[in-house]
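All ligand and atom numbering here is 1-based and tracks the order in the structure. We use all heavy atoms of the structure for the numbers below, so side chains are in, but hydrogens, waters and symmetry mates are not.
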Amino acid sequence: MDDCLFCRIVAGEIPSNKAYEDDTVLAFHDINPQAPVHILIIPKQHIACAADIDESNSAVVAHCFEVAALLAKEKGIEDDCRIVNNCGEKACQSVMHLHFHLIGGRDFTWPPG
Ligand code: 5GP
Ligand code: ZN
């Protein structure tokens, strides 16, 4: 999608600091990190939000979690990390292209605000 920020990052039109890439998934460091490790993991195909996941696209979502596990181990945060998805504007989704935040390297609180 031409007007989607993360599609433009996938296309290379906007630079990103990549952490992982293959044919279907891209991971890159968040521009405004909330922890020592803050990586965004996205399907390359445009899926707007988690509510749009269905049997036609769930394989790439599963792959996003495989990549999250790989990167968590690579960054040494596999024992204490958080994988977050915000779905919808009131849930603080600001980029309408499905993404999972992999966050670690600090303590967390629960519940989220
Ligand atoms: P959301 O609020 O939609 O769950 O998360 C969007 C995330 O994308 C935010 O954490 C924000 O810092 C990050 N972000 C927004 N624009 C850019 C950008 O151009 N490059 C990178 N690397 N991250 C971005
Ligand atoms: Zn997109």
*With atoms numbered from 1 as shown, which atoms in ligand 1 lie under 4.0 angstrom from a non-hydrogen atom of Phe28?*
21 (C), 22 (N)
_Please find the pair of heavy atoms, one from Gln93 and one from Cys87, that lie closest to each other, and give the distance._
OE1-CA, 3.4 Å
_Residue pair Cys81 / Glu78: nearest heavy atoms and the distance that separates them_ = SG-O, 4.4 Å
_the Zn ion (ligand 2) - number of protein N/O/S atoms closer than 2.8 Å_ = 4
*In the protein, what heavy atom is nearest to atom 16 (N) of ligand 1, and what distance, to one decimal place, separates them?*
Leu5 CD2, 3.3 Å
*Give the residue and atom name of whichever protein heavy atom lies nearest to atom 22 (N) of ligand 1, and the separation in Å to one decimal.*
His29 O, 2.9 Å
_So if I count the atoms of ligand 1 from 1 in the order they appear, which ones are less than 4.0 Å from some heavy atom of Asn32?_
12 (O)
*So is there a nitrogen or oxygen of Ser94 less than 3.5 Å from a nitrogen or oxygen in ligand 1?*
yes
*Atom indices of ligand 1, in the order listed, that fall short of 4.0 Å to a heavy atom of His101*: 1 (P), 4 (O), 5 (O), 7 (C), 10 (O)
*Identify the heavy atoms of His38 and Ile103 that sit nearest to each other, and give their distance.*
CD2-CG1, 4.0 Å
*Got the closest protein heavy atom to atom 5 (O) of ligand 1, with its distance?*
His99 NE2, 3.0 Å
*asked:* Going by the closest heavy atom to atom 18 (C) of ligand 1, which one wins out of Asn17, Val95, Ile31?
replied: Ile31
*asked:* What protein heavy atom lies closest to atom 11 (C) of ligand 1? Include the residue and the distance to one decimal.
replied: Asp30 OD1, 3.4 Å
*Is the closest heavy atom of Cys92 to ligand 1 under 4.0 Å?*
yes
_Under 3.5 Å between any N/O of Gln93 and any N/O of ligand 1: does that happen in this structure?_
no
_Where Ala68 and Ile83 come nearest, the two heavy atoms and their spacing_ = CB-CD1, 3.8 Å
